[in-house]
Amino acid sequence: MPNRQRTRSGSSIEQSNSKKSSSELSSSLNESPPLNEEQIEGAAAALSPPKELDGDPCRVDCCSPSGCIVLEPIDSNDLSETQKVICNNENCTESGYMHHACFQFFEDEVVAFLKNSGRARSWSDKQRRQNVWTRKAFDLSYKVCSCRCGKGHLKKDVDWLPPQPMEVAVGRKKKKKMEKFQGGRSTRQRTVSEQSTATTGSSPSRTESPDGSRAGGIPVPSPRSPSKLTSSKSPASSPMTDGALSGASPQSTAMSAPFLRRMDFSSFQGYVPKHRLNPFCIKMECEDGPGDDTRLTVFQALTAQHTNFLQCLACNERLFVFDRYPLIDGTFFLSPIPHHLPPIPVHYNERDLFLMALCLHCIEGQQRCIVCRHCDTKWNGSACQLGTLYYFDILAAQPCCPRRLVCNECDKPVVDTDCLSYYSEYSHCLRCVNCGNTDNHFAKEFSSVFQIKGPKTTSKSPGL
């Protein structure tokens, strides 16, 4: 009896302990705080697959923070023209891939940000580009590397190598199979010839028959005469078409990048005087890389308008933009007024300006020239550097007659031009000393001040 009582008491103690543990567990679960919205979204994002387009798992979105400039999805089956990036947010739902052109644009923005950031100010442009994805540089530039998921920052996956294009891989496989087949066939042919030699007891004949086959029965291809290279000259076209687009790669129009690749400088030869064919008169690519503010200003303005060309302000020539210096077969400049429509706005130095361009023919004034309507004076642009961007209106900076200096309201002289020391001051808002009106008095509409003398041509698009 005492043992039974002891057993019953022990079991009652165990049941009471189990009840206590279950009650404590339920109370702890009830006391635990509920999940907030961020935790719920993170859990859902971790379970959801990467973003797909139109339900197609082979098409994913480009994860460029500043927006895709190629305007095409990425084929997940062919990543040869992409760059992989890593987001430090574990629950990120972005694809993690960018087009090469989008990544180059993204990297240029990061390099430009490092110019004014901490210890990177003392680095050269080449050092910034070399160290842009190292820890010492990323600690400064992570602010401009925000991911579109809103909770992380993007960084280049330096260990990732893009796969080879599918066509190249298939071609190599075919080549290996062909070599293997030819090797086996030659082995079999050698075996047959050895057997025939052993049977007849004589060496195989080396004489060739008139039809090009040897006596041993193995056909020998007859030698071919070297083919003569024939060149066909294309019909004459406009100089600007030959220039801007003979210097462009034929494959660049089909590339994912929005801007063309310049292959040579034939567009400048013959139209620019020989004494001006130098890096001082034509902006050339430097060794520091493409991370400069001038290039970014032009690319951002054109990308926002989804275009890769401008029309010459004077002759309406179509000028295509290149991805390296010289950026254009002419010169860019910023004007405070839109000389033509549609305008390409640029916000620079807390001012709303407009991107304009002049072709090298109108600047040099050989085939056609810009002439003032009031005094019939030819505008001289030989002092302008080609292929770059001026941050002021180059047409307003060289007034040729008093009519170019009058107020837009009272038609009287605005100020004494002797007090204007810089070309850029002619593009600023000035207050008229006569009527008090504040306006861009010197930057006047092109058609009201200038006229074109010379032939006008229209270049065609190179397959775009």
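None of the values given here were measured: they were computed from a predicted structure.
Of the candidates Thr294, Thr297, Val321, Thr388, Phe332 forms a side-chain contact (heavy atoms from CB on, under 4.5 Å) with just one, namely Val321. With Phe259 as the fixed residue, the ring pair (Phe, Tyr, Trp, His ring centres under 6.0 Å) test singles out one of Phe105, Phe299, Phe322: Phe299.
Within 6.0 Å of atom CZ in Phe354, more than 12 heavy atoms from other residues, nucleotides or ligands are found, so the atom counts as buried in its surroundings. More than 12 heavy-atom neighbours from other residues, nucleotides or ligands sit within 6.0 angstrom of OH on Tyr391.
Between Val433 and Asp416 there is no side-chain heavy-atom pair separated by less than 4.5 Å. Residues Trp379 and Cys362 form no side-chain contact, since every pair of their non-hydrogen atoms from C-beta on lies 4.5 Å or further apart. Between Phe268 and Glu364 there is no side-chain heavy-atom pair separated by less than 4.5 Å. When side chains are defined from C-beta on, Lys444 counts as touching Asn408, because their heavy atoms get closer than 4.5 Å. Counting heavy atoms from C-beta outward, Cys87 and Lys151 have side chains that stay 4.5 Å or more apart. In this structure, Asn437 and Cys410 have side chains that are not in contact, with every pair of non-hydrogen atoms separated by 4.5 Å or more. Residues Pro345 and Asp352 have side chains not in contact (no heavy-atom distance under 4.5 Å, counting atoms from C-beta outward). Between Ser76 and Tyr97 there is no side-chain heavy-atom pair separated by less than 4.5 Å.
For Thr331 (side chain) and Leu358 (main-chain N/O), no donor-acceptor pair under 3.5 Å exists by modelled atom type. In this structure, the side chain of Tyr390 does not engage the main chain of Ser424 through any donor-acceptor pair within 3.5 Å. Using modelled atom types, one side-chain atom of Arg373 and one backbone atom of Ser447 make a donor-acceptor pair closer than 3.5 Å. Asp157 places a side-chain N or O within 3.5 Å of a backbone atom of Asp159 that can act as its donor or acceptor partner. Checked by atom type and distance alone, the side chain of Arg119 pairs as donor or acceptor with a backbone atom of Lys136 at under 3.5 Å. With Ser141 contributing its side chain and Leu114 its backbone, the two residues share no donor-acceptor pair below 3.5 Å. Side-chain N or O atoms of Arg261 include none that pairs as donor or acceptor with a backbone N or O of Arg324 at under 3.5 Å. With Arg276 contributing its side chain and Ser382 its backbone, the two residues share a donor-acceptor pair below 3.5 Å. Without hydrogens or angle criteria, His99 side chain to Ile69 main chain gives no donor-acceptor distance under 3.5 Å. Side-chain atoms of Arg59 do not come within 3.5 Å of backbone N or O of Asp75 as any donor-acceptor pair.
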Do Val414 and Val406 pass the side chain to side chain contact (heavy atoms under 4.5 Å, CB included) test, and can you show the C-alpha distance, the side-chain angles, and the key distance before you say yes or no? CA-CA 6 Å; Val414 180; Val406 297; 5.8 Å; no
Worked check of side chain to side chain contact (heavy atoms under 4.5 Å, CB included) between Asp125 and Val111: CA-CA 8 Å; Asp125 289 342; Val111 173; 5.5 Å; no
For a side chain to side chain contact (heavy atoms under 4.5 Å, CB included) check, start with the C-alpha distance between Leu302 and Leu355, then their side-chain angles and the critical distance, and finish with the verdict. CA-CA 9 Å; Leu302 295 175; Leu355 183 65; 4.1 Å; yes
Would you check, one step at a time, whether the test side chain to side chain contact (heavy atoms under 4.5 Å, CB included) holds for Arg129 with Glu107? CA-CA 8 Å; Arg129 187 160 292 278; Glu107 189 178 64; 3.0 Å; yes
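Note: Phe106 CZ to Leu154 CG = 5.5 Å, rounded to the nearest 0.5 Å.
When every heavy atom of Asn89 is checked against every heavy atom of Gly152, the shortest pair comes out as CB-CA, 4.0 Å. The minimum heavy-atom distance linking Gln385 with Phe280 is given by the pair NE2-O, 3.4 Å.
We find that Arg318 and Asp329 are not joined by a salt bridge, their nearest charged nitrogen and carboxylate oxygen being 4.0 Å or further apart. Using a 4.0 Å cut-off between a side-chain N of Lys or Arg and a carboxylate O of Asp or Glu, Glu285 and Arg262 do not qualify as a salt bridge.
Residues Trp123 and Gln130 bring no donor and acceptor atom of their side chains to less than 3.5 Å of each other. At a cut-off of 3.5 Å, with distance as the only test, a side-chain donor of Gln300 or Glu109 sits close to an acceptor on the other residue. When only modelled atom types and interatomic distance are considered, His340 and Asn316 share no side-chain donor-acceptor pair under 3.5 Å.
Between Phe138 and Trp133, the ring-plane angle classifies as tilted under the 30° and 60° cut-offs. Between His153 and Tyr142, the ring planes lie perpendicular to each other; the angle is over 60°, past the 30° to 60° tilted range.
Applying the side chain to side chain donor-acceptor pair (under 3.5 Å) test to Lys283 and every residue at least two apart in sequence or in another chain returns nothing.
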